[in-house]
Amino acid sequence: MNRRTLIGAVAAIAALPLLNRVVGAQTSPKTKNVVFVHGLFADGSCWSKVIARLQEKGVNCTSVQNPLTSLHEASEAARRAIAAQPGPTVLVGHSFSGMIVTDVGVNPKVTALVYVAARAPDAGEDYTALAKSYPTPPATAGIVFNDDWGQLSEKAFLHDFAGDLPREEARVLYAVQQPFKKSLTTEKTTNAAWRTKPSFYAVSTQDRTINPDLERFMAKRMGAKTIEIEASHLALISHPDAITNLILEALAV
């Protein structure tokens, strides 16, 4: 080894600790808190697999058991959870709860928004009318109402909502689904937090509950960092690693 090569090697070795610190700084989350909100036909436990992975990385996680009674009451539950966080927070929503993320995400404490196969309307937009611009997903036909309260039939839940999960796991999730009030689906958001906050979106390409092309449209409109997952509506359960990685990106903003 000549003198010039030796000097170069020594310099490279000396630079390694600095390089490692830089890489660590780039990959370490700036935000340490995540608040999750769930959608229709589910409860807060649907985030369990993602929560376990984030907790392993030292992230503080809170999953809201939001009432499926009205957008106002569900949003208030999310606001209380955000207020209880010890610092800046990433807000994550699945399915219907994208409405909550969109409305509540303007909170100054929220640093980024993550949508998982979720609704993402504009302020005051009629989401139902927007959804009708696309072919109706099969799960819609499986909603059964008892007076003003609706939930998915077992057949629709297993095939159209959780189609890529093992049947045994899907049947347990079916048993804990929460009924929703019919009027909930017609309400509109006041805010569109994605217009001012960094946004991330996971499209489920095999979704039979929200049309995947509608998901793509909403993600593109908000300018979100978008990933596509070959998954049912429940990518957060069938592909928790992919969803966890997307949230980690949001935490690094």
Side-chain angles (χ1 to χ4, degrees), residues 29-40 42 44 46-47 50-51 54 59-128 130-131 180 184-185 187-204 210 214-227 235-236 243-253:
K30 293 180 180 178
T31 302
K32 299 290 188 179
N33 307 295
V34 177
V35 167
F36 296 93
V37 281
H38 66 83
L40 308 184
C46 66
W47 292 105
V50 174
I51 288 171
L54 289 173
V59 178
N60 175 49
C61 299
T62 301
S63 187
V64 181
Q65 295 286 7
N66 57 287
L68 299 176
T69 50
S70 72
L71 181 59
H72 172 74
E73 290 178 350
S75 295
E76 282 301 302
R79 288 189 181 97
R80 288 192 297 272
I82 293 168
Q85 300 308 302
T89 300
V90 167
L91 186 58
V92 183
H94 171 242
S95 193
F96 165 79
S97 70
M99 302 274 289
I100 302 169
V101 170
T102 298
D103 214 28
V104 174
V106 294
N107 188 306
K109 217 171 188 178
V110 175
T111 58
L113 316 171
V114 181
Y115 294 81
V116 180
R119 300 183 182 193
D122 205 345
E125 184 173 43
D126 185 338
Y127 175 82
T128 301
L130 174 64
F180 68 94
L184 182 67
T185 60
E187 297 186 65
K188 301 175 183 179
T189 59
T190 302
N191 306 303
W194 48 263
R195 289 194 172 275
T196 58
K197 299 291 177 78
S199 301
F200 299 77
Y201 200 109
V203 173
S204 285
I210 294 180
L214 173 56
E215 294 177 16
R216 294 184 180 103
F217 166 78
M218 293 184 290
K220 183 177 180 180
R221 179 173 65 172
M222 70 170 69
K225 161 63 189 295
T226 304
I227 62 172
L236 65 166
I243 301 304
T244 299
N245 289 336
L246 187 64
I247 295 170
L248 287 170
E249 287 191 52
L251 287 165
V253 170

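Being a predicted model, the structure only gives us computed values, none of them experimental. Numbers here are sequence positions counted from 1.
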Seminar exercise, completed: All heavy atoms of Asp103 vs all of Arg79, minimum pair found to be OD2-NH2, 4.3 Å

For this session: With side chain to side chain contact (heavy atoms under 4.5 Å, CB included) as the test, would you mind laying out the steps for Glu187 and Ser70 before giving the verdict?
Result: CA-CA 8 Å; Glu187 297 186 65; Ser70 72; 3.6 Å; yes

For this session: For Leu248 and Leu251, run side chain to side chain contact (heavy atoms under 4.5 Å, CB included): C-alpha distance rounded to whole Å, both residues' side-chain angles, the deciding distance at 0.1 Å, then the answer.
Result: CA-CA 5 Å; Leu248 287 170; Leu251 287 165; 4.0 Å; yes

Exercise. Do the ring planes of His94 and Trp47 sit parallel (below 30°), tilted (30 to 60°) or perpendicular (above 60°)?
Worked result: perpendicular

For this session: For Val114 and Val34, run side chain to side chain contact (heavy atoms under 4.5 Å, CB included): C-alpha distance rounded to whole Å, both residues' side-chain angles, the deciding distance at 0.1 Å, then the answer.
Result: CA-CA 10 Å; Val114 181; Val34 177; over 6 Å; no

Seminar exercise, completed: d(Thr69 OG1, Leu184 CG) to nearest 0.5 Å is 7.0 Å

Exercise. Ignoring hydrogens and geometry, is there a side-chain-to-backbone donor-acceptor pair from Arg80 to Val64 under 3.5 Å?
Worked result: no

Exercise. Ser97 side chain to Ile100 main-chain N or O, any donor-acceptor pair under 3.5 Å?
Worked result: no

Exercise. To the nearest 0.5 Å, what is the distance between CD1 (Ile247) and SG (Cys61)?
Worked result: 8.0 Å

Exercise. What closest approach, in Å, do Ile82 and Lys109 show between heavy atoms, and which atom pair accounts for it?
Worked result: O-NZ, 3.2 Å

For this session: Taking the side chain as every heavy atom from C-beta outward, state whether Phe36 and Leu236 have any pair of such atoms under 4.5 Å apart.
Result: no

Exercise. Just how far is it from atom OG of Ser199 to atom NZ of Lys225, taken to the nearest 0.5 Å?
Worked result: 13.0 Å

Problem set entry | Donor-acceptor contact below 3.5 Å, side chain Trp194 vs main chain Asp122 | no

For this session: Side-chain contact test, heavy atoms from C-beta onward, threshold under 4.5 Å: evaluate it for Thr128 versus Leu130 and give yes or no.
Result: no

Problem set entry | Interatomic distance, Asn66 atom CG to Glu73 atom CD [nearest 0.5 angstrom] | 11.0 Å

Exercise. Should Thr226 and Lys220 be marked as a side chain to side chain contact (heavy atoms under 4.5 Å, CB included) after you check the CA-CA gap, both sets of side-chain angles, and the distance that decides it?
Worked result: CA-CA 8 Å; Thr226 304; Lys220 183 177 180 180; over 6 Å; no

Problem set entry | Atom of Ala117, atom of Tyr201 and distance for their closest heavy-atom approach | C-OH, 3.7 Å

Problem set entry | Which atom of Glu125 lies closest to which atom of Lys188, heavy atoms considered | O-CG, 3.6 Å

Exercise. If you look at every heavy atom in Leu71 and Met99, which pair is closest and at what distance?
Worked result: CD1-CB, 4.0 Å

Seminar exercise, completed: Heavy-atom closest pair (Ala120 atom, Tyr115 atom, distance to 0.1 Å) is CB-CE2, 3.7 Å

Problem set entry | Ser204 backbone acceptor or donor facing Glu215 side chain under 3.5 Å | yes

Exercise. Could you state the interatomic distance from CE (Met218) to CD1 (Ile210), rounded to the nearest 0.5 Å?
Worked result: 5.5 Å

Exercise. So do Leu40 and Thr185 actually touch side chain to side chain, heavy atoms under 4.5 Å?
Worked result: yes

Problem set entry | Any side-chain donor near an acceptor of the partner, Thr189 and Tyr127, under 3.5 Å | no

Please set out all donor-acceptor pairs under 3.5 angstrom arising from side-chain atoms of residues 84-92, sequence neighbours excluded.
from: Gln85; atom 1: OE1; to: Asn60; atom 2: ND2; distance (Å): 3.0
from: Gln85; atom 1: NE2; to: Thr62; atom 2: OG1; distance (Å): 3.2
from: Gln85; atom 1: NE2; to: Ala81; atom 2: O; distance (Å): 2.8
from: Thr89; atom 1: OG1; to: Gly87; atom 2: O; distance (Å): 2.9

Exercise. Are Val37 and Val101 close enough that some pair of their side-chain heavy atoms sits under 4.5 Å apart?
Worked result: yes

